[in-house]
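What you see below is based on every heavy atom in this structure, not just the backbone, and it leaves out hydrogens, waters and symmetry mates.
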Amino acid sequence: MALHLIKLCVGIDSIADLETRIKARLKARRAAGETSPQPVHRTRMVPKRASELIDGGSLYWVIKGQVSARQAIKSIDPFKDDDGVGRCLIIMDKKLVPVMPRRMRPFQGWRYLRPEDAPADIQAGLGETAEMPEELRRELRALGLL
């Protein structure tokens, strides 16, 4: 069964803002000579349960205090930086999938997220909710109406 990660998305205001940042970084890496760059997140710690994460897991992004979107995890690549310190690249799918907003308190680093605790994708049979602007979904969630 797949396991997920959850991570705060610092300095990002919306899913659209995150998409713009991802596209800009991919464009910069293509300009630097990479032929087919993938979205990556660099982290200090290598997840000990990496095999469970790459078996269908996703990285869930917390934007402005709410779990808002996810990206499928393709691989986890440990490496050593120039100083010989172990690091990790989490390689993700380019597609950013909006999820039902859920409040999340601040935390440092990343956390594991069990499949049963992961919020549902917005497109998963939710009709008009999928068409709402992100800000409206946030407000409705804050009022307990979603």
Asks: Working note: Asp93 + Lys74, criterion side-chain contact (heavy atoms from CB on, under 4.5 Å); need CA distance, chi angles, decisive distance, verdict.
Replies: CA-CA 6 Å; Asp93 189 65; Lys74 291 180 149 188; 3.7 Å; yes
Asks: Is the number of heavy atoms from other residues, nucleotides or ligands under 6.0 Å of Lys94 NZ greater than 12?
Replies: yes
Asks: Does Arg30, at its CZ atom, have more than 12 non-hydrogen atoms belonging to other residues, nucleotides or ligands within less than 6.0 Å?
Replies: yes
Asks: Between Gln71 and Lys95, do the side chains contain a donor N or O and an acceptor N or O under 3.5 Å apart?
Replies: no
Asks: Are Arg42 and Phe79 side-chain neighbours, meaning at least one heavy-atom pair lies under 4.5 Å?
Replies: yes
Asks: For the residue pair Leu89 and Ile76, establish whether any side-chain heavy-atom pair is separated by less than 4.5 Å.
Replies: no
Asks: Please check if the distance between the ring centroids of Trp110 and His4 is under 6.0 Å.
Replies: no
Asks: Tell me whether Arg70 contacts the main-chain N or O of Leu96 through its side chain, where contact means a donor paired with an acceptor under 3.5 Å.
Replies: no
Asks: Please list, chain by chain and in numerical order, all residues satisfying ring pair (Phe, Tyr, Trp, His ring centres under 6.0 Å) with Phe107, sequence neighbours excluded.
Replies: none
Asks: With a 4.5 Å limit on heavy-atom distance, are the side chains of Thr43 and Arg87 in contact?
Replies: no
Asks: Find out whether Leu18 and Cys9 are in side-chain contact, i.e. whether some heavy atom of one side chain is under 4.5 Å from a heavy atom of the other.
Replies: yes
Asks: Grab the two heavy atoms, one from Leu59 and one from Ile73, that are nearest each other, plus how far apart they are.
Replies: N-CG1, 3.7 Å
Asks: Would you confirm whether Arg29, through its side chain, and Gln38, through its main-chain N or O, come within 3.5 Å as a donor-acceptor pair?
Replies: yes
Asks: When hydrophobic residues are tied together by side-chain contacts of less than 4.5 Å, even through go-betweens, does Leu53 share a cluster with Ile91?
Replies: no
